[in-house]
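We use all heavy atoms of the structure for the numbers below, so side chains are in, but hydrogens, waters and symmetry mates are not. Each residue takes its place number in the sequence, starting with 1. Numbering of ligands and ligand atoms starts at 1, following listing order.
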Amino acid sequence: MGKRIVIALGGNALGNNLPEQMIAVKQTAKAIVDLIQEGHEVIIAHGNGPQVGMIQKAMTELTRSDPEKYIPCPLSVCVAMSQGYIGYDLQNALREELLDRGINKGVATVLTQVEVDPEDKAFQNPTKPIGAFMTKEEADKMVAERGYNVIEDAGRGYRRVVASPKPQSIIEIQSIRDMVAAGLVVVACGGGGIPVYKTEGHHLKGAAAVIDKDFASCVLAQQVEADTLIILTAVEKVAINFGKPDEKWLDELTPDQARQYIEEGHFAPGSMLPKVQAAVQFAESAPGRSALITLLEKAKDGVAGKTGTAIHQ
Ligand code: ADP
Ligand code: MG
């Protein structure tokens, strides 16, 4: 029976620059359409690290070229641009793959805003470096004029750091649900979503932050009532003692086991840790839900229970 699946695509599904992305999305589309062909309903989320970095850098250069005319581009706008650009490539690759297999299905990208809590502790401790390196003078100016948080990055210059708050809810969720119900393949929550918070009335304000795409995918999967959250990345399974002689690849993991391994420090912060945390949160969000972490190319085998690390109660 067909399942409703949220797929979170990692960096390897998209490549690091324009030509790489063009090529990478073809393989990504194959892996996704394999699941659609088996009768699953698929909603796609993705990361945006290199892409938002590229856009931010380009926008910084624009400001440098004529500071009178161009103010620095807000990070929320850079994330929106990255969703558009990545969605464009994904839509086309999926459209082509679907048509090649004789499947008549629309694909659409939703520019997705994700609400964050302005009181989130992450805002008091911004840690995520973003964008181009700056000189001391440039950095001082940004701190004074725009209130940026800046760090000195290992002697290579100064960089802006931003917060990575937890996603609370998805602003466009009803549109996403309606599109899924209409049979569309939806791309949403790109780069973890455009971070926003509520101000007075119905107004939303862009936050100078980035949201982890693994956590945002988990919220998306819960809010569309998915059966499965699949986090596709560059490893086939999750390991304990990763990279050590006694490394052990895991086929299955209960939330309790996962918490114990997290405690013991088996998962690297910023890479595998958020995936395992997101998987646990989804698996515990309702009875019957499960998460899967596996390699992009193994998505189909993973759903069939042949590989990957499955996290469920
Ligand atoms: P993505 O772009 O898919 O989010 P990341 O690089 O953020 O990819 O995270 C995936 C990486 O996490 C893997 O390629 C692997 O190198 C690393 N990793 C860290 N700890 C583990 C672990 N315990 N088991 C498996 N992979 C791990
Ligand atoms: Mg990652």
* **Heavy-atom gap Ala8 to ligand 1 smaller than 4.0 Å** => no
* Asked: At a 4.0 Å threshold, what atoms of ligand 1 neighbour a non-hydrogen atom of Lys237?
  -> 25 (C)
* Donor-acceptor pair between Gln260 and Asp256 side chains, under 3.5 angstrom -> no
* Is it true that Asp214 and Lys275 make a salt bridge, defined as a side-chain N closer than 4.0 Å to a carboxylate O? -> yes
* With a cut-off of 4.0 Å, which atoms of ligand 1 are near a heavy atom of Gly270? -> 7 (O)
* Structure fact -> A student comparing Asp212, Thr233, Val276 should find that the heavy atom closest to atom 8 (O) of ligand 1 comes from Thr233
* Pick out which of Asp100, Leu94, Leu98, Leu99 makes a side-chain contact (heavy atoms from CB on, under 4.5 Å) with Glu96. => Asp100
* Between Arg4 and Glu225, does at least one N-O distance fall below 4.0 Å, as a salt bridge requires? -> no
* Asked: By number and element, which atoms of ligand 1 are closer than 4.0 Å to a non-hydrogen atom of Lys213?
  -> 1 (P), 4 (O)
* Enumerate the atoms of ligand 1 whose separation from the nearest heavy atom of Gly11 is less than 4.0 angstrom. => 1 (P), 2 (O), 3 (O)
* **Ion pair check, Lys30 and Asp34, cut-off under 4.0 Å** => no
* Those atoms of ligand 1 less than 4.0 Å from some heavy atom in Ala234 -> 14 (O)
